[in-house]
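Keep in mind the model is a prediction, meaning the values are calculated, not measured. Convention: sequence-line order gives letters A, B, ...; per-chain numbering from 1.
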Amino acid sequence: MARILITSALPYINGVKHLGNLAGSMLPADVYARAMRLLGHEVLYICATDEHGTPAELAAAEAGMEVSAYCDKMHDAQRAAGADFKMSYDYFGRSSTQSNHELTQHLAHMLEKNDLLEERVSEQVYSVADGRFLPDRYVEGTCPNCGEDGARGDQCDACGKLLDPADLIEPYSAVSGSKDVEIRETNHLYLKQSDMADRLRAWIDKAEGWPALAKSIAYKWLDEGLHDRAITRDMKWGIPVAYKGVPRPGFEDKVFYVWFDAPIEYIAATKDWAEENNGDWQSWWRTDKGADDVTYVEFMGKDNVAFHTLSFPTTLIGSGEPWKLVDRLKAFNWVTWYGGKFSTSQKRGVFMDQAIDLAPSDYWRWHLTANAPEGSDAGFTFEDFQARINSDLANVLGNFVNRITKYCVGKFDGKVPSGGTWGEAEDTLVAELATRLPKLIDYYETMEFRKAAAETRAIWATGNEYLTVAAPWTQYKTDIDQAAIGVRIGLNLVALFGVLAQPIVPDAADKILDAMNIPAENRTWNYFDKGDWEMRVKSILDALPHGLEISAPEVLFAKIEDANVEEWKKRFSGAG
RNA sequence: GGUGGGGUAGCUCAGUUGGUUAGAGCGCAGGACUCAUAAUCCUGAGGUCGAGAGUUCAAGUCUCUCUCCCACCA
């Protein structure tokens, strides 16, 4: 048994997340967490809302709310959406909590103590009308390169030219539209990442379990020379630049940069979890307090890789304290929406709260796992969604459960029958499962989610194949006893399929296992150390007590009709 | 512009260290079955593996050039 700490990249607070966000970190982390729990590992799955930064302030202003009230509301909305999708978080925290304030300030203090922080003065655009400094991308104006209006301070979308806000002709605030802007000097704390390059490289050299992409991104940044980064910002909403309640002189109106405090929330959320659940957070995060045997696995979108492989480790290593660092990470690409991008700001695509009204969470979990954006972007269309759900869930799994349980209820009084002689059909089935089950477990352990789903489906299909050969309905006409073995093994397959379905489609799995009257303690993947796979499979196929009463569950997966697809496409016509 | 990923059957994708007739699911065609959500099972037709050149006894799998898509970075 291992101890596995799992974090999902923190969903940003400015709205309920879309399916791409779900598929790119929270869902795979959840599937992985569930699988690892089933294998008997001690798992702690932490997630939280990322609440600081300018976009949160602006979203709150747009909603006509105080930032903190807005964050309260959106945190609750995201918590509810997560619950709807059956996220099995051990804790769903908030980056705005007191614990994160304290830990962020503590780590900044330690960095300073280790001579890794430095105050520097820079020039930034200040909007008099808004009464605030503007981040580069919130300054707009005419592009000095192509003359296009609406170029942002960091880049012109029209010609792609990278800009400095000071270069813009007739700059104005994107927040208010005011042209009353000026360049002002401001001082910030800079993290001297350049001084950390050697230590980071040594750590990355030793890292195993990172995808090639993650390593190459990290090395590239190192090779180009790490830039020192400002870790404070001129704004009000965020974690004050203070230590033990005393503001840093000259930083009274500044806060830490959102990207500095957000990953620290992984730890702070664990502290909050420990506080509320009588747990021990240090045994997960401090290698001097028992965390050295923890495997820490991070899930994120590709855009987050650099922050997780360099920025956050810089903070932790630079503190000089024995913090647990990431062991394995899994990065995802984007789910695209009819060829384009999902967009929170442009409201393009399907959002979690809408999706749950269209179809049960299991449907989304299955499709987004089987079609996970591993390796490259994955396109989402309602047509693909319909095809996959109807085929995999309704036809292969749902129909299998339905056909054999109904037959048992109809012909065998709803009880697991005894009798019958083991034959070739059973041998074939055992051989196939003995090959597929270890592969499935391996795919979960290596976090290959598409393959895990495909293997799960293939295992479900063996049930239908077996029934075709065993054909208890044919046997029944001449030899009821021989029909019994087909039914008995079929029912045991139902139980197995339910057990295996749990990580991806937990609701349906529960319905199946309830119908089979399987007690909770027998729903695990407790397959280890029980002889070779052939022996294990044989015991799995005769696990249900003979005579046990079972029932035929209601239709597990209603099909998605063409009319549904048409209606959804119309409703979400932002498509294309 | 730099870096990385991708371009494999109609569609979505697998293809370890180069090695027998390039695989899966969906879709399609034919057949079987009738317990079942008109579900299932079997069989089959579909690919000069983006283009070109090279290395090799042998390349989807290595090298180079070109091209298209995507992401990240500057």
Side-chain angles (χ1 to χ4, degrees), chain A residues 20 24 154-155 160-164 211-227 300-307 309-310 331-336 339-341 367 370-381 383-412 425 428 436 439 442-443 446 448-458 460-477 483 486-487 490-491 494 552-561:
Chain A
D154 53 350
Q155 184 171 19
K161 173 91 175 168
L162 292 169
L163 304 171
D164 194 287
L213 177 63
K215 271 207 170 183
S216 71
I217 289 176
Y219 277 127
K220 180 177 169 270
W221 279 42
L222 284 170
D223 291 343
E224 288 178 352
L226 282 179
H227 300 284
M300 71 199 75
K302 191 157 70 163
D303 56 329
N304 275 340
V305 170
F307 288 103
T309 56
L310 293 167
F332 289 85
N333 293 277
W334 307 130
V335 176
T336 58
K341 287 183 187 174
H367 185 252
N371 192 38
E374 292 174 306
S376 65
D377 291 352
F380 175 89
T381 67
E383 290 87 347
D384 289 345
F385 179 59
Q386 174 195 33
R388 189 187 302 277
I389 295 308
N390 288 355
S391 171
D392 295 356
L393 295 186
N395 294 349
V396 175
L397 175 62
N399 179 56
F400 174 76
V401 172
N402 188 248
R403 66 193 292 204
I404 191 65
T405 53
K406 270 195 179 156
Y407 191 75
C408 175
V409 168
K411 303 285 192 193
F412 288 88
T428 305
R436 292 194 179 279
K439 270 166 78 180
D442 192 52
Y443 289 142
T446 54
E448 295 183 84
F449 295 99
R450 279 175 177 252
K451 288 180 180 174
E455 198 61 41
T456 301
R457 189 208 124 97
W460 292 340
T462 63
N464 286 313
E465 291 161 21
Y466 170 74
L467 282 189
T468 299
V469 180
W473 46 88
T474 305
Q475 301 284 358
Y476 194 85
K477 293 170 189 164
V487 172
L491 293 173
V494 169
E554 297 293 301
V555 167
L556 288 168
F557 306 102
K559 287 195 186 179
I560 297 170
E561 305 296 336

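When each of A:A461 and A:W334 is assigned the nucleotide of RNA chain B bearing its nearest heavy atom, the one mapping closer to the 5' terminus is A:A461. Nearest-nucleotide mapping onto RNA chain B: of A:E554 and A:N390, the residue sitting toward the 5' end is A:E554.
Glycosidic conformation of B:G46 is syn; the angle stays within 90° of 0.
Using cut-offs of 30° and 60° for the angle between ring planes, the A:F412 and A:Y407 rings count as tilted.
Between B:U37, B:C26, B:C35, one nucleotide has an atom nearer to the side chain of A:N402 than all others, and that is B:U37. Comparing B:C26, B:A39, B:C41 against the side chain of A:K559 picks out B:A39 as the nearest. With distances taken from any side-chain atom of A:R457 to the nucleotides B:U40, B:G25, B:U37, the minimum falls on B:G25.
In this structure, A:R436 and A:E455 approach most closely via the heavy-atom pair NH1-OE2, 2.8 Å.
Stacking annotation: A:W473 is stacked on the base of B:C35 (ring centroids less than 5.5 angstrom apart, interplanar angle below 30 degrees).
Atom P of B:U21 sits at a distance of 23 Å from the matching atom of B:U8, rounded to the whole Å. For the C1' atoms, the distance linking B:A22 with B:G15 amounts to 8 Å, nearest Å.
OP1 and OP2 of B:G25 both lie 4.0 Å or more from every side-chain N or O belonging to A:R450. Between A:K451 and B:A24 there is no side-chain N or O to OP1 or OP2 distance below 4.0 Å. Contact annotation: A:N371 side-chain N/O to B:U12 OP1/OP2 distance is not under 4.0 Å.
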